[in-house]
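Single-structure report; data block below.
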Amino acid sequence: MSFELDAERIAAENRKGLGPLEDDYAHLGRQLARRGVDIEALTKRAMAFRVSVPSWGVGTGGTRFARFPGPGEPRNVFEKLEDCEVVFKLTRSTPGISLHIPWDKPDSPAELRSFAQARGLFFDSMNSNTFEDQPAQPLSYKFGSLSHTDPAVRRQAVEHNLECLELGVKLGARSHTVWIGDGGNFPGQVHTRKALERYLESLGQIYGALPEGWRLFIEHKLYEPAFYSTVINDWGVSYYCVRELGERAFSLVDLGHHAPNVNIEMIVARLIQFGKLAGFHFNDSKYGDDDLDAGSIKPFQLFLIFNELVDAELEQLPGFDPAYMLDQSHNVTDPIESLATSAVELVRAYVQAHLVDRAGLSEHQDRNDPLMALRTLKDAFTTDVGPILAMARHRAGGAIDPVATFRTSGYRAQKAKERPAEARRGAGIV
Ligand code: RM4
Ligand code: MN
Ligand code: MN
């Protein structure tokens, strides 16, 4: 029998924190009432927020230099799901799992699906992998995949994506996410226009095979692994491609895939306006694709992104239905703690964005009053909504303090016994 974090353990921890939480919640409720805000409405929104976790996020990541595996790391997709379930039990916001194929390819999709269902989990987006070679793979992706110069390599990459779709249907997934590492390391290596033409032709084949009711997401990335030029390098190219492909193709924004200082909230607003925002891979970064925990470096940026999202949500823009996912690499923290913390930070930004006085903001904009406009945003951003988040988790059966509850549960130590380290393991982003 494998060790599980049970509801009684969470309830016991919550009993310790409930008194002070109720005080703080009542106090915040009175403060918000003075601003004309109903705390209960915000708590309901917090309880309804959902973000999916990546199966690859529960393993320790790494850099080009090293990977330092943690104790009790999951060794297969079932164990990954066990860890994802813990994040869900602690936060109650993360029932969706995004799988990476072939890292998580199950022998029996039906068995995996019922394993997930029994835990209240479901499969969200599928992710293909043509950025590395697999053992016994006939052709190499060293010089690209969907945009490769050799049609046989492109075919192989397309077929891999078709296999992901087929598997996704069996698992009950509803979208497919394509990120490729294609590009050039040196000037002249790749013919810029021809590579994009080849990519579009390959992607057209994947789009053409998209199952009924599915959406196709494509993810741009400025650089890495190609350091000079990347085929889908920014949101403009991504937007062009999804427009070319058709109405079920959308641009996905991974926060770490932009140059430092880029105004990502503006990219988000543009994609919303053009009806092409797929959703997100949330994370944070200082320099590039650092894959740090959401909100750890630029919490105000995260808030400003949610400000755009909530603005669209409140306006009920037709077709606005972004998919929220985490995409992080945990190199020095416990992956379960990092994922739970990020999920909490997203709900925080979401609730804070609901605190923006939108009528007031729009007046300040119309009167060209930048100082008051910024202050309106800052009033929302600087409100400590922690008690709302904790109360929402508590009411949903989650933990008032997810990290403390996880630490006292002994889950990691138990898993270290149940899952002895293996010599070589492919989990994580290296
Ligand atoms: C990439 C990108 C993809 C992720 C891989 C592992 O940088 O963010 O979404 O699947 O990393
Ligand atoms: Mn990503
Ligand atoms: Mn990335």
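Counting convention: from 1, in listed order, for ligands and their atoms alike.
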Completion exercise
With Gln301 as partner, the option from Leu304, Ile305, Ile297 fulfilling side chain to side chain contact (heavy atoms under 4.5 Å, CB included) is Ile305
Exercise for the section: Please work out which of the three classes, parallel, tilted or perpendicular, describes the rings of His257 and Trp179, given edges at 30° and 60°. Expected result: tilted
Exercise for the section: Look at the N, O or S atoms of His257, main chain and side chain alike, and state whether any lies under 2.8 Å from the Mn ion (ligand 3). Expected result: yes
Identify, by atom number and element, the atoms of ligand 1 in contact range of [X], meaning under 4.0 Å from any of its heavy atoms.
X	result
His100	4 (C), 6 (C), 10 (O)
His281	9 (O)
His257	2 (C), 7 (O), 8 (O)
Asp254	8 (O)

Problem - Lys/Arg-Asp/Glu bridge criterion (N-O < 4.0 Å) met for Glu13, Arg393 - result: no
Practice task
Please determine if Lys415 and Glu418 form a salt bridge, counting it only when a charged side-chain N lies under 4.0 Å from a carboxylate O.
Solution key: yes
Handout entry: Heteroatom N/O/S of Asp289 within less than 2.8 Å of the Mn ion (ligand 2)
Key = no
Could you tell me which N, O or S atom of [X] is nearest to the Mn ion (ligand 2)?
X	answer
His281	ND1
Asp327	OD2
Asp254	OD2
Glu219	OE2

Polar contact flag for [X] and ligand 1 (N/O pairs, less than 3.5 Å):
X	value
Trp56	no
Trp103	no
Trp179	no
Asn127	no

Can you see whether [X] engages [Y] through a side-chain donor-acceptor pair at a distance of less than 3.5 angstrom?
X	Y	value
Asp182	Ser145	yes
Glu73	Thr60	yes
Asn161	His176	yes
Asp254	Asn283	yes

Completion exercise
Min over Val178, Asp289, Thr177, Asp327 of heavy-atom distance to atom 7 (O) of ligand 1 lands on Asp289
Practice task
Could you establish whether Glu224 and ligand 1 come within less than 4.0 Å of each other, counting only heavy atoms on the residue side?
Solution key: no
Exercise for the section: May I ask you to check whether His220 and Tyr199 place their ring centers less than 6.0 Å from one another? Expected result: no
Handout entry: Sole candidate of His160, Gln134, Gln156 that passes side-chain hydrogen bond (donor to acceptor under 3.5 Å, both in side chains) when paired with Tyr141
Key = Gln156
